[in-house]
2 protein chains.
Amino acid sequence: MVTLAEVAQHAGVSASTVSYVLSGKRSISTGTRQRVEESIRELGYHPNAGARALASSRSNIIALMIPLRTDMYVPVMMEIAIAVATTARTHGYDVLLLTGEEGPDAVRRVTGSGLADAMILMDVELDDERLPLLRGTDQPSVLIGLPADTSGLTCVDLDFRATGALCVEHLAKLGHRDIAVIGEAPAVYERHTGFAERTLDGLRSRAQELGVRLLHRPCDGGYDAMAVTLARVLDERPSTTGFVVQNEQAVEPLLALLRQQGRAIPEDVSVVAICPEQVAVQASVRLTSVAIPAQEMGRHALERLVAKLEGRGEDEVVLIEPELTVRASTGPAPSVS
Amino acid sequence: MVTLAEVAQHAGVSASTVSYVLSGKRSISTGTRQRVEESIRELGYHPNAGARALASSRSNIIALMIPLRTDMYVPVMMEIAIAVATTARTHGYDVLLLTGEEGPDAVRRVTGSGLADAMILMDVELDDERLPLLRGTDQPSVLIGLPADTSGLTCVDLDFRATGALCVEHLAKLGHRDIAVIGEAPAVYERHTGFAERTLDGLRSRAQELGVRLLHRPCDGGYDAMAVTLARVLDERPSTTGFVVQNEQAVEPLLALLRQQGRAIPEDVSVVAICPEQVAVQASVRLTSVAIPAQEMGRHALERLVAKLEGRGEDEVVLIEPELTVRASTGPAPSVS
DNA sequence: AGTCCGTGTCGAAGCGCTTCGACAACCTAT
DNA sequence: ATAGGTTGTCGAAGCGCTTCGACACGGACT
């Protein structure tokens, strides 16, 4: 294990000089700098993380709390996590992975121990129990997702209300007057995860504005659940010609079931999905969809956080503008015959 | 920020005593211990991670390198990562998330800086360039996946060779004599990720033993790729009645396409999948499958690693026994008519 | 010539913890 | 009673780094 002191000796300078070469916090003559850098390379020196953290009270680590539930919108979570991790590296940070399991205690532990300099929370509930802790500490944090009360917090999220509105708009413009919304799993609503409710809000209010009828049903993933839900929907509103699906895991089942019933997409029914790009493209019908920009969310969150760490950047709510991509799953509503 | 010294003062003992209460490395009288513990609670003390790491040269952090590619077997990766993280906590460790992006440098950085005490590598290639580094350091590590040469390494993986064998066996026993294997994406084979090749090995050798004909085709995920692949397979081997699918993303497309061609599952063709339990259960047909035990792999890997950190535990290769669960997608081969 | 300032370097203190050796106090076996 | 062993506690020395103040030096001013 090579130490700063050894590098200093090798380069014929003092330890502090080496430190300043590394941090750039004081000016160093070109000659000295080069000599030091050469020594560092030659000896294969890596600064000791613990010592650094102790002396500077900065760990250069960012904590990322991901939800424990591995059964929901997994690819999105993963993509966000990866985006956070890779972006973090470009700013000199590493990422500590915390699962929701510990709950609020994890926040206490991390801030208390100086393990991380800042944290990113995913899967934020409307009234999340971790929020008071975040407000009560001066450790910077960013939420991915939107709680009910965002005062004093920095949040990054897709604008799900606008997303909902966009979907309705698209279908309405095509002449659909009866739209069914296949929502997330009931558990998601029960947990009051904001995004699902906000999507619904956006759907409903735009539907009302446009005079479109909306029927919303939560739905678990998988074929069986989707079959039951679809049957109920069509029973209650046989005139339904447009679908908005928010549960990734229900997308493919819905398409298959519709097809199976002899309803052609998009001739008889149109389907808009709210899902990652990849799902929309790989589905059995190229889906008109609003993409969930997981990568962008992760990157954004991290960059906001770094800004806060560097003293720039206020608390603010960043809502990413949704974009609807028209593909092959939507078309004009069938004319009433 | 409460320090050890403050706790010591509050409890009326020396700093070292508090430290020993915390670590349990020396015996402490019950009275003293209780007093100290009370002070800790009262003051809300959390040991400083950096100081601890510096003094003890142990960070209590485990690095987890996950693949960068977010488009492949994502749920499996995520589940492993979560299992690693939660299991780590039960042993007092935290998990640092590294993406493959940095490549071998990440290994150098982490071992060099003492950022982590040990590491877990996922997505190991047969001849992975990180392996020499691992062998050259005394930092413990565990691979999830199996490289070509496992000497001096600890590896945890599903026994994919046995998995392949199991699939063929099951189909053969049902009377299928012509089996098509829908493999992972071509890119996976090109990267020489061991598991895909080992599965194929197992499939082939058992097929030969049982006198079954095998046709293997790599296949990207999604409908289009699957459609092309399936057409080729059926063209080349019209007598195919059994399928083994290894690419999660191809499962549903395959089922849909078969159905679309009027081939009933399992009456006309049988399908065995190698995929996470959830995929098998949620598919449009309940799939006979060999589960990829992601959680178990993550937990196992972590526990091996902790064992090594504690001086117990040798280098060894742990192959998890595959289990085939019969569901509704396989049945007797149609009698030749 | 003397003063002032900016630049580059160094020494030393200290971050909060672990751990080693020392030692007082007590208990047991002679 | 005395030697020998436990048991519980303390003080002090670092772990490897950052950072502050000091200072030497040379150039640009009066």
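Chain identifiers are assigned alphabetically (A, B, ...) following the order of the sequence lines, protein sequences preceding nucleic acid strands; residue numbering begins at 1 within each chain. Bear in mind that the values here come from a model prediction, so they are computed numbers and not experimental data.
Side chain of B:Arg299 to main chain of B:Thr86: no donor-acceptor pair is present (N/O by atom type, distance under 3.5 Å, no hydrogens or angles). Without hydrogens or angle criteria, B:Lys308 side chain to B:Glu314 main chain gives no donor-acceptor distance under 3.5 Å. The main-chain N or O of A:Ala116 is found under 3.5 Å from a side-chain atom of A:Gln139 such that the two form a donor-acceptor pair.
Using a 4.0 Å cut-off between charged nitrogen and carboxylate oxygen, A:Arg304 and A:Glu316 count as a salt-bridge pair. A salt bridge does not link B:Arg89 with A:Glu101: none of the charged nitrogens is closer than 4.0 Å to a carboxylate oxygen. Electrostatic pairing of A:Arg198 and A:Asp159 does not count as a salt bridge here, judged by no charged N lying under 4.0 Å from a carboxylate O.
Where the helix from C:dA1-D:dT30 to C:dT30-D:dA1 starts and where it ends, the local axes point in directions that differ by 40°; five pairs per end, rounded to 10°.
On the nucleic acid side, DNA chain C contacts chain B at distances under 4.0 Å to non-hydrogen atoms, with the end points of that region at C:dG16 to C:dA22.
At the heavy-atom level, A:Thr3 lies under 4.0 Å from the strands shown only through sugar-phosphate atoms. In this structure, B:Ser56 reaches the sugar-phosphate backbone alone: every heavy-atom distance under 4.0 Å involves primed, P, OP1 or OP2 atoms, never a base.
Around atom CD of A:Glu310, more than 12 heavy atoms belonging to other residues, nucleotides or ligands sit under 6.0 Å away. No more than 12 heavy atoms of other residues, nucleotides or ligands sit less than 6.0 Å from atom CG of A:Asp127. Within 6.0 Å of CD in A:Gln9 there are 12 or fewer heavy atoms belonging to other residues, nucleotides or ligands.
Of the two residues near DNA chain D, B:Leu54 and B:Gly12, the one whose nearest nucleotide lies more 5' is B:Gly12.
Taking every heavy atom of residues 20-42 of chain A and every atom of DNA chain C, pairs under 4.0 Å involve A:Tyr20, A:Arg26, A:Ser27, A:Ile28, A:Ser29, A:Thr32, by number.
Residues A:Val7 and A:Val2 have side chains in contact (heavy-atom distance under 4.5 Å, counting atoms from C-beta outward).
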